[in-house]
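These notes are about the structure you will find just below.
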Amino acid sequence: MLKRRPRPILYVLVALSALISFFPIIWLILTSVKTQAGVYAWPPQYWPDPFTAKNYVAIFTKSPELLRSILNSFIVGTGVTVVVLVLGGMAGYALSRLRLRFAGPTMILILAVSMFPPVSLLPAIFQNFLQLGLLNTYAGLIIAHSGLFLPIAVWMLSSYFGTLPIELEEAARMDGMGYLRIFLTVILPLSWPGFVATGLIVFIFSWNEFPLSLVLMTQSAMRTAPVAISLYPGEYSFPWETISTATVLAIIPILAVTAIFQKQIVGGLTAGIGK
Amino acid sequence: MAQVRLQNLGKTYGALSVVRGVDLSIDDGEFVVLLGPSGCGKSTTLRMIAGLETINEGELTINGTRMNDVDPKDRGVAMVFQNYALYPHKTVFDNMAMALKLSHVARPEIQRRVAEVAEMLGLTPYLERKPAALSGGQRQRVAIGRAIVRTPEVFLFDEPLSNLDAKLRVKMRMELQQLHRRLGVTSIYVTHDQVEAMTMADRIVIMDAGEVAQVGTPRDVYDRPANFFVAGFIGSPAMNFLTLRRAGEGWQAEGAALCLPALPFDTGKLDRLTLGIRPEHIEVGDQTTGPWCFDAKVELAELLGADALLNLGVDGVEMLARVNGTAHPERGDSLRVKLPPDLLHAFDPATGGALPRKA
């Protein structure tokens, strides 16, 4: 076997690019523990002096709307993930495995639909939702986000199903299973990694989505985290330390969800099907 | 126990025809092997019998019942797949019991049948394991067991041994033969390995480019290949072919000096034909003289162990001969070879069909 030579330049470059990509987050976290004076100090304060937890205390005591917005985002994100995984899973399976006549064109069409910028759909969605009474409801934003992110889920899941050996389904057919039973008892249990990965991406996309969330949730109690944070600055003040703190708090649920499900992305779950 | 009949069976994908006009009648308890190079339509034919591919042309009957549009599970067939296709998230027991569960067989009956088959295949200690915890051979046994448990009318095997290493393949081949003798179930077995076909089959169906090239016992297809394709496909190393031109009473090799006397075939009005001789049928070192003996020079000698392969130049014609490996001739040696007329084959170069022997 070839022995790997240590490549110091490579490590330096990797470290550098990691630092560059993480810098905004590091800066965010540092800002959230600075005092207001520290934030506006000149020359800029790289290391918070003094450290303070005051901003976090302030958010929990003085800005319940920010906490509420994080809860809203969580509710919407969870709802969207569930809806998209159920519909996307079934659609993806049908399109990848049932030898449908127009499966190829349908996949392209689904992709094409997702190319429209969400803003261009806004007037139509807003008017319909207004008439249906879906503005400022969780159901409304969940439906809107689901429509937005369903295409990517269909694509991701159908390509994941494509990696499972077709013989497995054929064996199931020989055993006497129908398509629905094959999907539920063979495909689903083997597709957990695909569902977890897709679910995570959809959850994060929904969590970060801005334009629809801004327009469809107009009451401050219903706002999602990104909207609430962006609207937080007052007319005359720009409290960076508070905004940073809120942002850090808004990142935590995503980090938590990722951390929890990363353990579930068990590699080798499909091992043992074939050779 | 079942008789399977394929009548003019055909499969097309759009304009592409992959299987055409397959006629085959398989008797109860017979072991039939579909053999051919990849892409010859043998797997597609098997999958049409299984019900995994729709039948575009012709008719499939099992025990006289038309099966063209019958659901796979209701055809009374069980299939063993090349890559085993076990449910990786289910235990060996559940893998084997699945079909019975789905057809609502009572739980004690399932237990009894799975236990019996597991015992037969030596899988009893592994019933609670998942497939990932088994070796390749064990997985293949589970796949076979899953088929046996259903007590099907017909077993279908789709290259079941080709994922196993050479040693295990030989072992499993023998096990499958024993199993067939014991169960006596009609079996249809697809492979591209002629050794598997020759050793296991009651009858071999050789397929080429979507059509049946010959149906016969292993001896038939080896001794009396019906055409050029079968002659070249069966046997290893492959049969030597040379193109001959009529020269008076006898025949001369095209582009070479080799002349042969009148051939024992019904050559009719042909003035060209393809002559075939198997490497193992060329007699080397025969000192006798006669019309079928020629001078030859060894151009290359390869020792395989028990046998040796000799590349011979016979009056300007290249031939491969298979001889005993002990004390075989070396490169550069001159020797005499005999082409025994009884072991020659002749084919019409236009149709590829074998020419009949003179009575």
Side-chain angles (χ1 to χ4, degrees), chain A residues 85 89 93-94 96-106 157 160-199 261 263-275, chain B residues 13 43 46-47 49-54 71-92 94-105 129-140 142-143 146-147 149-150 152 156 158-159 162-165:
Chain A
L85 287 186
Y93 177 67
S96 73
R97 282 309 175 86
L98 296 192
R99 296 204 213 173
L100 301 179
R101 196 135 172 226
F102 297 108
T106 309
L157 288 171
Y160 192 87
F161 297 146
T163 64
L164 299 175
I166 189 88
E167 286 87 349
L168 205 57
E169 286 166 59
E170 292 177 342
R173 272 171 70 196
M174 302 285 299
D175 271 348
M177 293 191 199
Y179 287 117
L180 188 63
R181 195 192 285 263
I182 292 177
F183 181 66
L184 293 177
T185 64
V186 179
I187 300 301
L188 277 191
L190 298 181
S191 304
W192 268 119
F195 276 94
V196 169
T198 309
F261 283 105
K263 283 190 181 162
Q264 304 253 335
I265 307 177
V266 185
L269 193 65
T270 54
I273 301 174
K275 343 183 179 184
Chain B
Y13 293 108
S43 275
L46 189 79
R47 292 165 56 84
I49 300 171
L52 294 172
E53 300 279 349
T54 52
D71 204 63
K73 70 171 194 292
D74 300 323
R75 294 187 183 201
V77 301
M79 185 148 163
V80 177
F81 292 85
Q82 176 177 355
N83 65 5
Y84 324 140
L86 301 176
Y87 307 119
H89 55 303
K90 302 215 180 275
T91 63
V92 169
D94 286 335
N95 265 283
M96 289 170 64
M98 183 58 80
L100 300 179
K101 273 185 196 159
L102 290 169
S103 48
H104 307 294
V105 174
R129 290 209 195 161
K130 300 239 170 103
L134 300 179
S135 71
Q138 289 166 338
R139 282 180 213 170
Q140 188 55 284
V142 176
R146 168 165 74 171
V149 160
R150 300 172 56 187
L156 306 174
D158 190 3
E159 309 220 9
S162 55
N163 277 359
L164 302 177
D165 63 55

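Since the structure is predicted, the reported quantities are computational estimates derived from the model, not experimental observations.
The side-chain contact (heavy atoms from CB on, under 4.5 Å) search around B:A133 returns B:R129, not counting sequence neighbours. Taking the side-chain contact (heavy atoms from CB on, under 4.5 Å) definition, one finds that B:A143 meets it with B:V80, B:Y84, B:L86, B:Q140, sequence neighbours left out.
Both the backbone and the side chain of B:L52 have a heavy atom closer than 4.5 Å to some heavy atom of chain A. At a 4.5 Å heavy-atom cutoff, the contact between B:R150 and chain A is made by side-chain atoms alone.
Counting heavy-atom pairs under 4.5 Å between each of A:R173, A:M177, A:R181, A:M174 and chain B puts A:M174 at the top.
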Given A:D175 and B:K101, is the salt bridge (Lys or Arg N to Asp or Glu O under 4.0 Å) satisfied, shown in steps? CA-CA 9 Å; A:D175 271 348; B:K101 273 185 196 159; over 6 Å; no
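Ring geometry for A:F195 against A:F161 counts as tilted: the plane angle lies between 30° and 60°, on a 0 to 90° scale.
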